[in-house]
Amino acid sequence: MQSVTVLGSTGSVGLSTLDVLARHPDRYSVYALTANTSVDELFAQIITFTPRYAVLRDETLAMEFANRIRAAGSETEVLSGEAGLCRVAAAADITLAAIVGTAGLLPTLAAVEAGKKVLLANKESLVMAGRLFMDAVTRSGATLLPIDSEHNAIFQCLPLAVDAGIKAQGVQRILLTGSGGPFRSTPLAELDSVTPDQACAHPNWSMGRKISVDSATMMNKGLELIEACWLFQTDPSNIDIIIHPQSVIHSMVEYVDGSVLAQLGNPDMRTPIAHALAWPERIHSGVSSLDIISQARLDFEAPDEQRFPCLRLARDAAIRGGTAPAVLNAANEIAVAAFLEGKLAFVDIAYVIAEVMAQTNIGEPQSLLDVQSADFAARQLAAQIISAKTQL
């Protein structure tokens, strides 16, 4: 029996994780569940899974929530804030890191430093602090397993010993697939007027609003490129991004002998979650079998950087290295939030990011504080650029 902490249990990845865990009560127990503000969803999860701890970021909200679950007869202890998140992340046998955005960095790093089995869905941890994060993995002996569908697919196509880097394993190229989102074929002239609801209507995946917008701009794929560089110890020149609208092939790996291995499956996050939970074994995920006959065809195309300028910005950040990915990520988070609030046009997300990147001095971080400082400065600058643009 292994204990599991789910960081971000009320989000889409968290919900999928709990679905898989519920199918294997003989293998896993839920140690802790965490949420931001979705208290009703968290309450229902506590009643179902009876974790030892629950964590809410806001202290006042956590106190109110503690009274509520005590009144319901639950013995779950409620913690709060970043300290609470880091505490439960470092305590379970397995920690699934699914908190979206920068907020997930420190709790995920706490699990790594404690030497745990870490299932990584929070790509920002590696985007922001890749070298520092991977150094911590090496020092602690933690087991780091990717559960983004693309990175998990790459992992499944590699030999079990992945710590030597892809070149030592005979791999010459990673083919990172993406659906192209809801605007893959939308006329460019219409992108200026798209709404947040349209941007969040992903054709294949059910995701939160922020990551759905990242998919629509393909910044999500750009961040995944940066993450893949760290996970598989390679540089951006060895990674190609390919649009694959059906989302059946989740990624591919090309070997020096010409072999190309692909991982296929229905677009359901329970597959990579189940794979990482049980690795190196396999367990049922609840995902239906892929009907390759009815699927009939698989299409591929190169991404258009005029349509998806965020891809170019992300690749540039990966090449520059240092704090550039952290700056990119911070500017994107602020720009996407402004778009979702109706303060910024969809096409201006890339504009804001480009301006922040152009106006920021990039350095090599020596500590987590350097990363956090770069993140903070980029957020301030992005907010200023958005404010100036809205006043025009």
Inset, instruction - Go through Asp135 and Arg139 one step at a time and tell me if the salt bridge (Lys or Arg N to Asp or Glu O under 4.0 Å) criterion holds. - result: CA-CA 6 Å; Asp135 285 350; Arg139 284 196 310 270; 5.2 Å; no
Would you indicate whether the side-chain heavy atoms of [Y] and [X] approach each other to under 4.5 Å?
| X | Y | answer |
| --- | --- | --- |
| Lys343 | Asp348 | no |
| Arg68 | Val39 | yes |
| Leu277 | Ile94 | yes |
| Met269 | Ser12 | no |
| Pro182 | Gln198 | no |
| Trp230 | Arg131 | yes |
| Glu150 | Lys221 | yes |
| Asn220 | Glu224 | yes |

If every non-hydrogen atom of [X] is compared with every non-hydrogen atom of [Y], which pair is closest and at what distance?
| X | Y | answer |
| --- | --- | --- |
| Ala314 | Met219 | CB-SD, 4.2 Å |
| Val371 | Ala326 | CG1-CB, 4.3 Å |
| Ser149 | Pro272 | CA-CG, 4.2 Å |
| Asp299 | His244 | O-ND1, 2.9 Å |
| Leu42 | Ala54 | CD2-CB, 4.4 Å |
| Ile99 | Asn122 | O-ND2, 2.6 Å |

Under a single-linkage definition using a 4.5 Å side-chain heavy-atom cutoff for Ile, Leu, Val, Met, Phe, Trp and Tyr, are [X] and [Y] assigned to the same hydrophobic cluster?
| X | Y | result |
| --- | --- | --- |
| Ile349 | Leu311 | yes |
| Leu225 | Met357 | yes |
| Ile241 | Ile226 | yes |
| Ile174 | Phe300 | no |
| Phe133 | Val100 | no |

For [Y], does its backbone N or O pair with a side-chain atom of [X] as donor and acceptor, under 3.5 Å?
| X | Y | answer |
| --- | --- | --- |
| Gln366 | Glu364 | yes |
| Thr5 | Val88 | yes |
| His250 | Asn152 | no |
| Ser9 | Val6 | no |
| Ser387 | Ala383 | no |
| Arg307 | Arg184 | yes |
| Thr138 | Met134 | yes |
| Ser373 | Leu369 | yes |
| Glu333 | Thr102 | yes |
| Asn266 | Ser288 | yes |

Legend entry - Pair Lys389 + Glu355: basic N to acidic O under 4.0 Å: no
Legend entry - Test item: side-chain donor near acceptor, Arg52 and Ser3, under 3.5 Å: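 No, Ser3 and Arg52 have no side-chain donor paired with an acceptor closer than 3.5 Å.
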Inset, instruction - Ignoring hydrogens and angles, state whether a donor on the side chain of Thr195 or Asp197 is under 3.5 Å from an acceptor on the partner side chain. - result: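 Asp197 and Thr195 do not have a side-chain donor-acceptor pair below 3.5 Å.
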Inset, instruction - Please collect all salt bridge (charged side-chain N to carboxylate O under 4.0 Å, His left out) contacts where either partner lies in residues 9-25, sequence neighbours excluded, each pair once. - result: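 Non-adjacent pairs meeting salt bridge (charged side-chain N to carboxylate O under 4.0 Å, His left out): Asp19-Arg23, Asp19-Arg270.
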Those residues that, when tested against [X], pass salt bridge (charged side-chain N to carboxylate O under 4.0 Å, His left out) (two or more places apart):
| X | result |
| --- | --- |
| Lys123 | Asp148 |
| Asp370 | none |
| Glu75 | none |
| Arg173 | Asp240, Glu254 |

Inset, instruction - For residues 9-49, pull every pair meeting ring-ring contact (aromatic ring centres under 6.0 Å, His included), keeping only residues two or more places apart or in separate chains. - result: Tyr31-Tyr53
Inset, instruction - May I ask you to check whether over 12 heavy atoms, not counting those of Glu59, lie within 6.0 Å of atom CD? - result: no
Inset, instruction - For Asn67, look at atom CG and say whether over 12 heavy atoms of other residues, nucleotides or ligands are found less than 6.0 Å away. - result: yes
Inset, instruction - Measure the spacing between CG of Leu126 and CG of Leu105 and express it to the nearest 0.5 Å. - result: 9.5 Å
Legend entry - Residues Leu368, Leu109; criterion side chain to side chain contact (heavy atoms under 4.5 Å, CB included); working and verdict: CA-CA 10 Å; Leu368 200 56; Leu109 192 57; 3.7 Å; yes
